[in-house]
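Written out below as structure tokens is the structure these notes cover.
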2 protein chains.
Amino acid sequence: MNTWQSVRAEVLARIRSGEWAPGGLIPTEHELARELGCARATVNRALRDLADSGIVERRRKVGTRVATTPSRRTTLEMSVIRHEIQAMGAHYRYEMTRFETLPAPSHVADALQVRQGDPVLSVKTQHFADNRTHCCEVVWLNPAVLPDIDRRDLEREPPHEWLGRNVALTQGQFTILAEGATGDCARSLDVRPGTPVLAIERISWSDLVPVSFARQFYGPGHRLVSED
Amino acid sequence: MNTWQSVRAEVLARIRSGEWAPGGLIPTEHELARELGCARATVNRALRDLADSGIVERRRKVGTRVATTPSRRTTLEMSVIRHEIQAMGAHYRYEMTRFETLPAPSHVADALQVRQGDPVLSVKTQHFADNRTHCCEVVWLNPAVLPDIDRRDLEREPPHEWLGRNVALTQGQFTILAEGATGDCARSLDVRPGTPVLAIERISWSDLVPVSFARQFYGPGHRLVSED
DNA sequence: AAGTGGTCTAGACCACAGT
DNA sequence: CTGTGGTCTAGACCACTTA
């Protein structure tokens with residue numbers, strides 16, 4: 001069969017067998033197409049897939065190399081918290097506990113690309129699964145990009161769901177780290193201060209303009225699982 | 001321009017504008033190709049890309065729907081620890097602190113798909129950046145798949161690097177969580193027990209057979225950053 | 001049975017990066 | 001300039017799913 005999957009498998013097998021060593025060039029698309037008896041587009045599809053997985057590296061004029069860094073890319077599904085909770089079969093409830101304009105602290109100013117002390121919107125929320133706090137978050141919003149957001153908008157609906165429906169988010173970045181719970185967060189999650197919590201920082205852009213910077217905290221036992 | 005990127009952008013714009021609502025069907029590939037004046041393959045490439053990002057969902061005979069779950073997929077680069085450390089400009093050193101065959105505890109037996117109590121290889125390692133422990137890990141190896149691994153192999157080289165060069169790893173899964181440092185791990189990372197650490201659990205398969213189950217611990221301040 | 005996406009083909013042109 | 005990958009095309013057939 002000359003499917004692109006079979007081409008991918010063949011190439012992978014040759015890499016695994018050592019026939020094509022890490023750092024070495026493999027044949028060009030034309031050569032592979034001829035050898036395997038399929039169209040170049042098919043080979044291209046297979047090699048592009050391998051490049052997306054980080055198995056090979058491709059550069060024009062140079063060719064395709066077996067990656068020396070056998071690093072793996074893995075994809076995480078960052079779902080809407082409501083769906084995450086409902087998927088567990090739990091009842092979802094959302095609450096906004098703060099909504100106020102504040103001068104931007106330095107780390108927020110960095111993330112939103114505004115000057116330190118510039119006014120930004122600070123929103124605190126909690127997401128409940130069967131009346132236990134599953135996640136609490138602080139969201140900082142760039143008012144320059146959100147002309148007409150209203151307190152009532154976010155009382156009804158979590159910030160990221162509102163943003164998803166009202167702003168053209170073009171890019172996002174996630175940072176994952178472990179922290180000890182502090183103050184409000186510890187109280188919300190009903191854990192002692194210092195308890196390890198998983199923190200996810202999330203920056204959303206709309207056309208290269210930062211729209212929001214969120215810090216989400218998940219209590220003990222929460223796990224992020226890759227798909228693969 | 002009839003690039004697949006421009007088709008992708010056009011489709012995205014229509015979704016964002018609300019012209020194509022979440023949950024709704026968008027035109028078929030044929031229709032879009034005709035309307036936008038390009039080949040169907042180009043439309044296919046664009047829509048496939050959007051489907052990979054989770055923006056739309058595609059099913060044969062049904063068509064392409066705007067995803068009701070505006071969940072985002074993001075890719076994490078799980079690099080080899082040595083490269084991670086060298087990329088910071090630090091000196092890398094590796095040490096194996098344990099190598100012994102033990103009866104599999106239940107969580108390890110689950111991960112490696114062996115019976116609880118079956119013999120598995122337990123390896124403890126530390127990875128240093130400029131002589132400070134950057135990461136410590138416990139790796140459990142499935143001896144059924146690793147006939148001729150030797151203690152000396154892993155004294156020279158970290159388990160995952162050895163595996164990468166000697167076993168055809170076909171699949172991996174990562175789980176990320178926050179934990180409090182305990183015992184050996186706390187001592188290795190030079191933190192007090194209970195200090196929040198980022199834990200990454202990693203299972204590697206070779207052709208549906210589990211090869212290794214690793215738990216890696218990173219000290220305070222460590223961050224996983226998505227690419228996007 | 002019919003309609004949708006999934007893929008392959010053969011050829012072509014282009015963009016880029018070494019020489 | 002040259003050779004590589006990146007992409008587009010027009011057409012074709014296939015696979016799957018719903019009706």
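Just the heavy atoms: all of them, side chains too, but no hydrogens, waters or symmetry mates, feed the values below. Every chain is numbered from 1, with letters handed out A, B, ... down the list of sequences.
- Between R59(A) atom CZ and dG18(C) atom P the separation is 5 Å, expressed in whole Å.
- When rounded to the nearest whole Å, the span between CD of Q5(B) and C1' of dC8(D) equals 11 Å.
- Rounded to an integer number of Å, the gap from CG of D52(B) to P of dG5(C) is 16 Å.
- When the side-chain nitrogen and oxygen atoms of N2(B) are compared with OP1 and OP2 of dC8(D), none of them lie within a distance under 4.0 Å.
- Side-chain nitrogen and oxygen atoms of N44(A) include at least one within less than 4.0 Å of the OP1 or OP2 phosphate oxygen of dG6(D).
- Nucleic acid contact for E31(A): none, since no nucleic acid atom lies under 4.0 Å from a heavy atom of the residue.
- Phosphate proximity of dG5(D) to T64(A): present, with a side-chain N or O under 4.0 Å from OP1 or OP2.
- Distance, K61(B) NZ to dC14(D) P: 19 Å, rounded to whole Å.
- Mapping L47(B) and G37(A) onto DNA chain C via the closest heavy atom, the residue that lands nearer the 5' end is L47(B).
- With hydrogens and angles ignored, the 3.5 Å screen pairs a side-chain donor or acceptor of D118(B) with a backbone N or O of R115(B).
- With rounding to whole Å, W4(B) atom CH2 is found 16 Å from dC14(C) atom C1'.
- Residue L141(A) holds its CG atom at 7.0 Å from CG of L154(A), rounded to the nearest 0.5 Å.
- Between E57(B) atom CD and dC16(D) atom C1' there is a gap of 17 Å when expressed in whole angstrom units.
- Mapped onto DNA chain D by nearest heavy atom, V62(A) and A41(A) fall at different nucleotides, with V62(A) at the one closer to the 5' end.
- In this structure, H30(B) places its NE2 atom 16 Å from P of dA2(C), rounding to the nearest Å.
- As a whole-Å value, the separation of R60(A) CZ from dG6(D) C1' is 5 Å.
- The pair E137(B)-R202(B) does not meet the salt-bridge criterion, since no charged nitrogen lies less than 4.0 angstrom from a carboxylate oxygen.
- Contact annotation: R48(A) does not reach the phosphate of dG6(D) (side-chain N/O to OP1 or OP2, under 4.0 Å).
- For M78(A) against T74(B), the heavy-atom pair with the smallest separation is CG-CG2, 3.9 Å.
- Residue-to-nucleotide proximity on DNA chain C shows that, of G63(B) and C38(A), the 5′-proximal contact is made by G63(B).
- Between Y94(A) and H127(A), the angle of the ring planes lies from 30° to 60°, which puts this pair in the tilted group.
- At the phosphate of dT9(C), OP1 or OP2 sits under 4.0 Å from a side-chain N or O atom of T42(A).
- Between R45(A) and dT7(C) there is a side-chain polar atom (N or O) within less than 4.0 angstrom of OP1 or OP2.
- You'll find a donor-acceptor pair under 3.5 Å spanning the side chain of R40(A) and the base of dT7(D), going by distance alone.
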